[in-house]
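A quick write-up on the structure given underneath.
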Protein chains: 2
Amino acid sequence: MTAAPELSTRSDRAAQIVAVARRILDDEGVEALTMRRVAEAIGVRAPSLYKHFATKRALEAALIEEGMVEMGQVLHDAVSSSPRGGAVRSLLEAYRRAATSRPALYRLATAGPLPREDLPPGLEAWAGEPFIRVTGDPGRAQALFSLAHGLVILELDQRFPPGSDLGRTWEAGAAAFAT
Amino acid sequence: MTAAPELSTRSDRAAQIVAVARRILDDEGVEALTMRRVAEAIGVRAPSLYKHFATKRALEAALIEEGMVEMGQVLHDAVSSSPRGGAVRSLLEAYRRAATSRPALYRLATAGPLPREDLPPGLEAWAGEPFIRVTGDPGRAQALFSLAHGLVILELDQRFPPGSDLGRTWEAGAAAFAT
DNA sequence: TTGGCTGGCTAACGATGTTAGCTATAATGG
DNA sequence: CCATTATAGCTAACATCGTTAGCCAGCCAA
């Protein structure tokens, strides 16, 4: 219910860099996201990017911020419009769809430690709110988030044995947390 | 209950390389695991390693195999010796302890796609068996595994907000899946 | 006019995985 | 017992990566 936090403001050039990086990430995958590749797509040389982002990690943080905003919005919408008693399922469905439709960004945003110092304060909490709304309890919220993330990341990485019925797997997860 | 599958056999040198790589991984973290670092610790030059492992990924696969065997053994033991009705909790506790005591190996073994072609057949299924024993259903087993993995990886990556009571989070997860 | 800021550039560094090509030693077969 | 072949090391090098140093052109304010 809380309003989305203030997002970072960027110069035109910086915004363009982020947009181009995002397109490369979505279209060509995470291994294509190199400073030289981003620079080339803009029509500039790699070292020039460092006039706008101190490090590749900082550029990634901008992408992570974008990903968290989109994901948070999707999840807030999902729980707001969920049918009576079906909030957990709506949340999990929305989570799965949002993550698998931008797999590289999801991975970038969730693998490894969060660069919290490069993210707007409050963003993390805001994006996680839907889990609290749906469970009513911080411990249960974090457990449900862990389940959702585990399901998504294992699905993206094809860690389930080939031929697994992932629909049943997600359903079993939802059933465990349904009220 | 199934017996552990046959493991890979290696020459003395290959086994030594894996052992050294494992020590570096455990003691110095994943970013220290480079071909040159491993070679140096053995007293050899990096290109010589390629006489024993075709690629770094193949060496990592050997480490992943080791990790899956250790983890599988721990989980099998945990469900075998679990008190009546407490199998889910025993399994989750064992999973958490085994993963967090070798964080770099756990990450290596679970981040990104499995190099299935470099792993002994049956190992993956054997390591996952305890989840089926405890849930009685493949869908629920995969969901419980997803929860365990999500909890562990988010904990290792410090993705939970600082100050979180992870004990409560794990307990909430166990409660959702307890029979 | 001058001085500094902005944002490009080239050249280069060090690290990484990996390959090519050479060589010494060990094993094997006639 | 010698000849050959496989094993396992070596050096040199390559391409790619993030990143830094140092230079310079243009613009804007004092």
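Numbers restart at 1 for each chain; the letters A, B, ... are given by sequence-line order, proteins then strands. The structure displayed is predicted, hence computed values, not measured ones.
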Just the rounded figure in Å: distance from C1' of dT16(C) to CD of Glu60(B). 13 Å
Distance in angstrom units between Leu59(B) CG and dT16(C) C1', rounded: 15 Å
Partner of Arg107(A) under side-chain contact (heavy atoms from CB on, under 4.5 Å), chosen from Val30(A), Leu156(A), Val152(A), Leu25(A): Leu156(A)
Check the phosphate of [N] against [X], side-chain N and O only, distance under 4.0 Å to OP1 or OP2. Yes or no?
X: Ser48(A); N: dG7(C); answer: no
X: Arg45(A); N: dG8(C); answer: no
X: His52(B); N: dG9(D); answer: yes

In one Ile/Leu/Val/Met/Phe/Trp/Tyr side-chain cluster, 4.5 Å: Leu154(A), Leu92(B): yes
Parallel, tilted or perpendicular: ring planes of Tyr106(B) versus Tyr95(B), cut at 30 and 60 degrees: perpendicular
Enumerate the salt bridge (charged side-chain N to carboxylate O under 4.0 Å, His left out) contacts for residues 162-179 of chain A, please, sequence neighbours excluded, ordered by first and then second residue. Arg89(A)-Glu171(A)
Could you measure the distance from the CZ atom of Arg23(B) to the CG atom of Leu33(B)? Nearest 0.5 Å is fine. 11.0 Å
When you compare the side chain of Arg133(B) with that of Ser80(B), does any pair of heavy atoms fall below 4.5 Å? yes
Is a donor from one side chain sitting under 3.5 angstrom from an acceptor on the other, for Glu93(A) and Trp170(A)? no
Can any side-chain N or O of Ser81(B) pair as donor or acceptor with the backbone N or O of Asp77(B) at less than 3.5 Å? yes
In residues 8-23 of chain B, which residues come under 4.0 Å of DNA chain D by heavy atom? Arg13(B)
Whether each nucleotide of nucleotides 17-27 of chain D has a protein heavy atom under 4.0 Å at its base (B), only at its sugar-phosphate (S) or at neither (-) is summarised, 5' to 3', as BBBB-------
